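Note that this is a predicted model, so its numbers are computed, not measured. Both ligands and their constituent atoms are indexed starting at 1 by order of listing.
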Amino acid sequence: MKAMLLFLLFVAATTQSQAELENATCKACHPLIYQEYRNSMHSKASIYKDAVHKAVWDLHPAKAKGNYNCAKCHTPSDHRLMKGKSKLTDNAIQQNEPISCQQCHKIQSIEKHARANKNILTNKKKYFFSADKEKKGKKVEFKEESSFFGLFTKTIGSPYHDIDYSNENFYNGNACMGCHSHKENGKGFAVCDLEVKQGDSKETCISCHMPKVQGPLANQKEHGVHAYHGANIHSSDMKALSKYIKFALEKDGSGFTVTIKNEATHTLFPQPLRLAQLRVTIERSGNSIPLKTDSFARVIGSNGKASMPWLADTIISDNSIKALETRKIKYDTMLQEGDQVVVTFGYYIVNPKAAKKLNIADPEATRFIVLKEERFTF
Ligand code: HEC
Ligand code: HEC
Ligand code: HEC
Ligand code: HEC
Ligand code: HEC
């Protein structure tokens, strides 16, 4: 009897720590996806894990008022904070799962608003949406038959939860748009807008950013693939995305033209802090000749000057590369036989000028990250 009591106490203790970190249950059966997620920006979206987000928050006027209104997108899993029952504090949720598995998998629909869209989550317990073309439309119910006061259970379907394969948002990528579409500041000005255009593209947010990779989606399955859950431009594992940026080089009478084709269905690097650049070098008889560097950014501000996002009310300049756009850049250097032209497209997470103002010294945030490099020989 004493052993039984101890056992029950143990069960109570573990369920309590699981209640605190809701991903802990998912981790047990989905270890591969969980590991990838740990490296994603979705698990590092809080000020305690993202130095860039923290630097902006530290200067933001809402901080003085103690109103962390970034939570709805950056840390929606901190339920006490979301309900106004606690202030922003460094806790296990902020550290490990600011956007938990459930914050995506419970998205039933997206409400559109000018200020920012809103995720509407299902309130059904242990009920998750997912996508699988072969099972589209189906709902897999999890049935549990318990016996011996619930200590032993027999399960059917996924051994833990229901799965609903009928939510269109998980097929067309809309599930991402509650947080990623756009955001206005207090002045009703869009500080950030992905400006999504689908065009003829067959790709979606999910097919590009969560491509299928090797490894089973759950322990209970021996083989197979799963959707990659590690989306993070701060680490270089986004290299797979470079195939959606295409270069071409054409010689003409006065030099040559480099073409960048953006196959992404959104503006490239629309975040106000980012700076994308095209760098071109000619390698000629053992010498390296750097040509001009072109920068691409959407600069926002007010009174004709660039400003912090919360003060901005106009676009100062915008030459960012839009969804499905092909951009041509002209160079006035004549190419010679034997020349090799090295074309490099990349970006800074934080524009070095802004990094100074924000006191960001993190080398990851301020280094030039190469997204694509290609060599053309003449
Ligand atoms: C006890 C094991 C177990 C736990 C715990 C568990 N899952 Fe699952 N889950 C499974 C299995 C097994 C499947 C595959 C079911 C199938 O293919 O019929 C699955 C399937 C899924 C799918 C759909 C996969 C598809 O086919 O598209 C999602 C989404 C999912 N789980 C999310 C979660 C989340 C989120 C959690 C944590 C809150 C979680 N799971 C916890 C075992 C588990
Ligand atoms: C409507 C949802 C939403 C709200 C509200 C929101 N953000 Fe974000 N934020 C995002 C998304 C989505 C990204 C990632 C976008 C990207 O990388 O292009 C992001 C990224 C950022 C980044 C860049 C982070 C990096 O690592 O480069 C900063 C800085 C940032 N947000 C600051 C804030 C601050 C400060 C607030 C609150 C005052 C806030 N955000 C509120 C959705 C939101
Ligand atoms: C609950 C809100 C939310 C949802 C839903 C969401 N995201 Fe995010 N996402 C964010 C935030 C916030 C960040 C930025 C975190 C940061 O940099 O601090 C982010 C970061 C990212 C990044 C990495 C950007 C970077 O700076 O490294 C990618 C890629 C991304 N999300 C893709 C997706 C895709 C694809 C979906 C849909 C399957 C999705 N997100 C759904 C909030 C969300
Ligand atoms: C055809 C492929 C493709 C599609 C479709 C696509 N993206 Fe991207 N996305 C890219 C590429 C390429 C980049 C730039 C590579 C990088 O960030 O390292 C990118 C970058 C991003 C970033 C990081 C931007 C930054 O500055 O932090 C976010 C966030 C993102 N995409 C979200 C989305 C969302 C949400 C959707 C759906 C509307 C989507 N993407 C659709 C290819 C795609
Ligand atoms: C940013 C939103 C987001 C987060 C966070 C997220 N998922 Fe997913 N997940 C998705 C989407 C979208 C799909 C559907 C991908 C597809 O198959 O097209 C998916 C697919 C899955 C699948 C099925 C795999 C497959 O290949 O279809 C499982 C299992 C799963 N997720 C579990 C988890 C677990 C466990 C976590 C937390 C560790 C998690 N997810 C966090 C958006 C998310």
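- On a distance-only criterion, Lys212 and ligand 5 share at least one N/O pair closer than 3.5 Å.
- A salt bridge is absent between Lys124 and Asp164; no separation between the charged side-chain nitrogens and carboxylate oxygens falls under 4.0 Å.
- When each of Lys197, Glu325, Glu195 is tested with Thr267 by the rule side chain to side chain donor-acceptor pair (under 3.5 Å), just one qualifies, namely Glu195.
- Heavy atoms of Val140 stay at 4.0 angstrom or farther from ligand 1.
- Polar contact check, Tyr165 against ligand 1: a nitrogen or oxygen pair lies under 3.5 Å apart.
- Interface atoms of ligand 5 facing Cys26, defined by a heavy-atom separation under 4.0 Å, are 35 (C).
- In this model, a donor atom of one side chain and an acceptor atom of the other lie less than 3.5 Å apart for His113 and Glu111.
- Salt bridge absent: Arg80 and Asp78 never bring a charged side-chain N and a carboxylate O closer than 4.0 Å.
- Close contacts between ligand 1 and Ala131 involve ligand atoms 27 (O) [criterion: under 4.0 Å to a heavy atom].
- For the 3.5 Å distance criterion, the side chains of Arg298 and Asn319 fail to qualify, holding no donor opposite an acceptor.
- Taking the six-membered ring for Trp and thresholds of 30 and 60 degrees, His180 and His42 have ring planes more than 60 degrees apart, a perpendicular arrangement.
- Residues His229 and Tyr37 keep their aromatic ring centres 6.0 Å or farther apart.
- Proximity of His161 to ligand 1, defined as any heavy-atom pair under 4.0 Å, is confined to the side chain (atoms from C-beta onward).
- Taking every non-hydrogen atom of Gln102 and a distance limit under 4.0 Å, the qualifying atoms of ligand 1 come out as 38 (C).
- Look at Asp132 and you'll find every heavy atom at least 4.0 Å from all atoms of ligand 5.
- By the 4.0 Å heavy-atom criterion, Lys27 is excluded from the residues contacting ligand 1.
- Between Phe247 and Phe345, the ring-plane angle classifies as perpendicular under the 30° and 60° cut-offs.
- From Asn303, atom CG reaches atom CD1 of Ile316 across 8.5 Å, with rounding to the nearest 0.5 Å.
- At a threshold of 4.0 Å, the pair Lys63-Asp58 counts as salt-bridged, since one of the basic side-chain nitrogens sits closer than that to a carboxylate oxygen.
- Between atom 8 (Fe) of ligand 1 and Cys29 there is no N/O/S contact shorter than 2.8 Å.
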Please give the N or O to N or O pairs under 3.5 Å between ligand 2 and the protein, distances rounded to 0.1 Å.
residue: ligand 2; atom: 7 (N); partner: His74; partner atom: NE2; Å: 3.0
residue: ligand 2; atom: 9 (N); partner: His74; partner atom: NE2; Å: 3.0
residue: ligand 2; atom: 17 (O); partner: Arg274; partner atom: NH2; Å: 3.2
residue: ligand 2; atom: 26 (O); partner: Asp50; partner atom: OD1; Å: 3.3
residue: ligand 2; atom: 26 (O); partner: Asp50; partner atom: OD2; Å: 2.8
residue: ligand 2; atom: 26 (O); partner: His234; partner atom: NE2; Å: 2.9
residue: ligand 2; atom: 27 (O); partner: Arg274; partner atom: NH1; Å: 2.8
residue: ligand 2; atom: 27 (O); partner: Arg274; partner atom: NH2; Å: 3.2
residue: ligand 2; atom: 31 (N); partner: His74; partner atom: NE2; Å: 3.0
residue: ligand 2; atom: 40 (N); partner: His74; partner atom: NE2; Å: 3.0

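- Heavy atoms of Lys221 come nearer than 4.0 angstrom to ligand 1 in at least one pair.
- Under a 3.5 Å cut-off, the side chain of Tyr171 and the backbone N or O of Tyr165 do form a donor-acceptor pair.
- Between atom NZ of residue Lys44 and atom CD of residue Gln95 there is a gap of 11.0 Å, rounded to the nearest 0.5 Å.
- At a threshold of 4.0 Å, the pair Asp132-Lys136 does not count as salt-bridged, since none of the basic side-chain nitrogens sits closer than that to a carboxylate oxygen.
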Ser254 and Lys330: CA distance, side-chain angles, deciding distance, side chain to side chain donor-acceptor pair (under 3.5 Å) verdict: CA-CA 9 Å; Ser254 59; Lys330 175 86 182 104; 3.1 Å; yes

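- Listed by chain and number, His105 NE2, His229 NE2 are the protein N/O/S atoms closer than 2.8 Å to atom 8 (Fe) of ligand 5, with waters left out.
- Salt-bridge annotation for Glu283 and Arg375: present, with a side-chain N of the basic residue lying under 4.0 Å from a carboxylate O of the acidic one.
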